[in-house]
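Presented below is the structure to which this report refers.
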Amino acid sequence: MTADIQTPARKSKAERYNPQTVEPHWREKWDEANVFVTPNDDSRPKYYVLEMFPYPSGRIHIGHVRNYTMGDVVARYKRARGFNVLHPMGWDAFGMPAENAAMQNKVHPRNWTYQNIATMRGQLKNMGLAIDWTREFATCDPEYYHQQQSLFLDFLEVGLVDRRVARVNWDPVDQTVLANEQVIDGRGWRSGALVEQRELAQWVFKITDYAQELLDGLDELVRWPDKVRLMQRNWIGKSRGLRMQFSLEAPIHGFEAVEVYTTRPDTLAGASFIAIAPEHPLSQALAADNKQLANFNVDVRRTGTSEEALEKAEKRGFDTGLKVKHPLYEDQTLPVWVANFILMDYGTGAVFGCPAHDQRDLDFARGHDLPVTDTFFALDDDTPVANEAFVPAKTEKVRYVNQPAGVNIASGQEGIDATIDWAETKGLGKGEVQFRLRDWGVSRQRYWGCPIPVVHCDTCGVVPVPKEDLPVKLPEDVSFEEPGNPLDRHAAWNQVPCPKCSGPARRETDTMDTFVDSSWYFARFTTPKADTPTVPGVADDWLPVNQYIGGVEHAILHLLYSRFFARAMTKTGHMSVNEPFEGLFTQGMVVHETYKGKDGWIEPAKVLIDGSDEVRIARHLDTGEVLEIGSIEKMSKSKKNVVDPDDIMATYGADTARWFMLSDSPPDRDVIWTEAGVEGAHRHIQRVWRLTQDIVDATPTDFTDEKPARFSDDALALRQSAHRMLDAVAQDIERLGFNRAVARIYDATNAIGRFLAKTSGTNEDLWALREALAFLLEAMQPMTPHLCEACWEALGHADWLATKPWTKVDRSLLDDDTVLLPIQVNGKKRGTVTVPKDASKEDVETMVLGDADVQAQIAGQTVKRIIVVPGRIVNIVV
RNA sequence: GCCCCUCUGGCGGAACUGGUAGACGCGCUGGAUUCAAAAUCCAGUUCCUUUACGGGAGUGCCGGUUCGAUUCCGGCGGGGGGCACCA
């Protein structure tokens, strides 16, 4: 019956919202009034929100839109909550692509970069971001890299920078060195080329000095995702073990013993061989008069990074013929092998192998006929090890066998610690902590980067460039005709007098890894024009960044380097904040369906989807060709499943793009970009505009803005829902639950629409409606600022939402006097009962048992127990 | 191989610390409005069963703890991510 009662559709006379005129209008207004310019001295509490700054690749992509929208919501919300908000933007502007463009298109990297910045700045401005553009800089600005060179010199002075010859990862395509962090599966992170090993003099930042601190600091980063903290913890890779000597039977080349490091001293009794790295000094010494070993050493490293070797991971070895004494068994000796799976730069570059309790050692032993000796068994199983090593969990108890008298070895983490102590007292070795973390090599043999401010002099050695001579500017006239570093070929630039002796000297031609640039930009934003890297007092006021937002792909590299930089800059007096990012949020990617035609991938803009829900058919817009609908993947040029933010903004406006980016998907998960979803978002934008127009139209000329003394039940309900919504949206934004805030706003919009349709237009009703709409606009303002500003103006307000403080809700409207309690019988819901909010357990029990429906439900059964959770639920057990 | 996360309607997802599962959106179905359409508005939409009232099942699967489990515990399975000769 009720379905037949139709509410007459309210005829809306509203014009459609036109983002193309409304949005630029408001951006101009905000700009003219400098609304988003942030003062450094301000009595309000500070809030620093930052999104990872973009690389100026040419155009912004949809991932930027998502990232910067989230940050902007936080920035606008916090501003409304009374904070002095710092929300800056800059450009991570050094790097390879600019040089690639120079090589391909004969443009200067600088011009290419700044042109891209101009384009992308325009695109970002079109999004209506509440950013203080007066603080903008690019890392390739000489003013910025000047200060970075200054930092480098300070780090050098306190011993945080070192120059050493090291085996480095060499990217043969990019012709530069890569940090360990930049090598992924043996390939360069950018070029994808197989990485080679080379010996080169390298500038390094001594990040390992802070290994323990960087590890400990993670415990305090409670507003970081656990996942990121765990990844950093694993990357730092702390372990405690035993460093010990295995004496050689006969000294050779001055070596009397082989020093090994182990985290499993509890397996010492089962040691059956010693393995050393090909680069180990002993191996190198032996190779000097052993051609076969020399060949082996070279050979294993040549294939060391090849695809084949990485996949097979074959355990190759070379028997040196040397023997060492077993420390626990005086009558036993162990052979010394050179093995490819031993890494020179971890521990001592030598291990003892215990095949029974380490799978890798077992593989090696089986491959080279070495003995396998069980040291311990599981409590309930004493089957000797065959093809699978027995590696007990750290908590598992084991039963030792073959352990000599007086030896005091135990398993488990506690046992291992005790074993180390025992070994120390016996003089077998020394407890030692090892980290997996390596020092950070920052030398890059590239032009488009920050020059390292030192000079090499034949007489004085390495001489820092005096600070008054900074910046060491990149030369303008460079050629990219040949591979390699143009700075090396640029004699006019790199030939300089020594700052110390004035003799002929040569500039350092390496530039810094671009990750250096991004390791302190957040601090520079606090005083972007200062003639020192930071102004310490100001930096300390703003830092740490309260909310940092970016992709999880930076979980290790950028975030770890920045944490190191904060400590290094604290040590050198540039600030006193060890942790740069108090809150970190890693947002998900924007993904899209893929389409494939007979000639390859087709971009979504050229695809028309029709057909039913079950059978969706994709056609090429121009040719009509039926396309294959592929999987949903990260937007990439190769699959062409890319949507251009400019197209979306031109069609629907920035607010629609922003609203869609925040809807539906939780911000840390991937969001699927669909045309239907964007249209749905746009519908809501239009609806809010229409509601505003309709409410303005419905407002009588004699409407008084004075709060009515009483409201109808319906109007009161509307007011309650509006107050609750505003309160809840605030909490959602605080927790970055944008999708939940969006859902509440939809709810509130529906409530306003329903109320408007049935109101008779009394002053009280209009007052309630206008209040509810005002709250809706306030709640939406951080997300869709242009629309809300326009609606706010239409309602007749003279002020701006962009600068309006968040309204304090009426707490008395948040709670009801009564509460609806579900009633369960044996845990199954059988009905509900309305009780006063503050009713006692006993009262509720009486009321529930007196309820006719409840009595019917439990008729003929004995009530064994009644559980009353006040305000929550009643459960009757029969 | 090791470590971590995740699994809820046709879809994206709600459900604060164990308390009415499916909010909100998309899609779909029916209706109103319209000459017609677009747009808009209203109603319905987890599955099975019932003309209806109602009843039953249900948060990847199996089991456990509990008055009560999407939530906690154990096992299994699917998906995703990180690290990877780390001694």
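Proteins come first, then strands; the chains are lettered A, B, ... in the order of their sequence lines, and each starts at number 1. These figures come from a predicted structure and were not determined experimentally.
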Salt bridge (charged side-chain N to carboxylate O under 4.0 Å, His left out) involving A:Asp664 - partner list, sequence neighbours excluded: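 With sequence neighbours excluded, A:Asp664 shows a salt bridge (charged side-chain N to carboxylate O under 4.0 Å, His left out) to no residue whatsoever.
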Which residues pass the ring pair (Phe, Tyr, Trp, His ring centres under 6.0 Å) test with [X], sequence neighbours left out?
X: A:His558; result: A:Tyr548, A:His554
X: A:His682; result: A:Tyr652
X: A:Trp337; result: A:Phe364, A:His368

According to side chain to side chain donor-acceptor pair (under 3.5 Å), who are the partners of [X], at least two apart in sequence or on a separate chain?
X: A:Arg233; answer: A:Asp219
X: A:Thr832; answer: none
X: A:Arg683; answer: none

What distance, rounded to whole Å, do you find between the two [atom1] atoms, one in [N] and one in [M]?
N: B:U8; M: B:G13; atom1: C1'; answer: 9 Å
N: B:C72; M: B:G80; atom1: P; answer: 24 Å
N: B:G22; M: B:U33; atom1: C1'; answer: 32 Å

Are A:Phe585 and A:Trp224 an aromatic pair by the rule of ring centers under 6.0 Å?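 No.
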Restricting both atoms to N or O, compile the protein contacts to nucleotides 65-68 of chain B shorter than 3.5 Å, with distance only.
from: B:C67; atom 1: OP1; to: A:Arg865; atom 2: NH1; distance (Å): 3.3
from: B:C67; atom 1: O2'; to: A:Asn875; atom 2: ND2; distance (Å): 3.1
from: B:C67; atom 1: O2; to: A:Asn875; atom 2: ND2; distance (Å): 2.6

Can you pull out every side chain to side chain donor-acceptor pair (under 3.5 Å) where at least one residue sits in residues 736-753 of chain A? Sequence neighbours excluded, please.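 Every side chain to side chain donor-acceptor pair (under 3.5 Å) pair that includes a residue of residues 736-753 of chain A, provided the two are not neighbours, is A:Trp659-A:Tyr746, A:His684-A:Thr749, A:Arg687-A:Asn750, A:Asp732-A:Arg744.
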Output the single nucleotide from B:C83, B:A14, B:C24 whose closest atom is nearest the side chain of A:Ala743.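 Looking only at heavy atoms from C-beta outward on A:Ala743, the closest nucleotide is B:C24.
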Name the closest nucleotide to the A:Ile873 side chain, picking from B:G19, B:A87, B:C41.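 Among the listed nucleotides, the one closest to the side chain of A:Ile873 is B:G19.
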For nucleotides 54-59 of chain B, print each protein N/O atom paired with a nucleotide N/O atom at under 3.5 Å, atom names and distance only.
from: B:G56; atom 1: OP2; to: A:Arg830; atom 2: NH1; distance (Å): 3.4

Out of the candidates A:Gln359, A:Arg360, A:Arg366, only one should pair with A:Asp363 under the side-chain hydrogen bond (donor to acceptor under 3.5 Å, both in side chains) rule; please name it.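 Running side-chain hydrogen bond (donor to acceptor under 3.5 Å, both in side chains) over A:Gln359, A:Arg360, A:Arg366 with A:Asp363 returns exactly one hit, A:Gln359.
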For A:Leu814, check side-chain contact (heavy atoms from CB on, under 4.5 Å) against everything at least two apart and list the hits.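 Partners of A:Leu814 under the side-chain contact (heavy atoms from CB on, under 4.5 Å) test: A:His723, A:Arg724, A:Asp727, A:Val809, A:Arg811.
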Taking only N and O in the side chain of A:Arg233, is any of them less than 4.0 Å away from OP1 or OP2 of B:C3?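 Answer no for this pair, as no side-chain N or O of A:Arg233 is under 4.0 Å from OP1 or OP2.
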Can you see if the side chain of A:Arg360 gets near the phosphate of B:A87 - specifically, an N or O under 4.0 Å from OP1 or OP2?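 False: A:Arg360 side-chain N/O out of range (4.0 Å or more) of B:A87 OP1/OP2.
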RNA chain B in dot-bracket form (Watson-Crick or G-U pairs under 3.5 Å, [ ] crossing, | inter-strand) is (((((((..(((......[....)))((((((.......))))))((((....))))..(((((..]....))))))))))))....
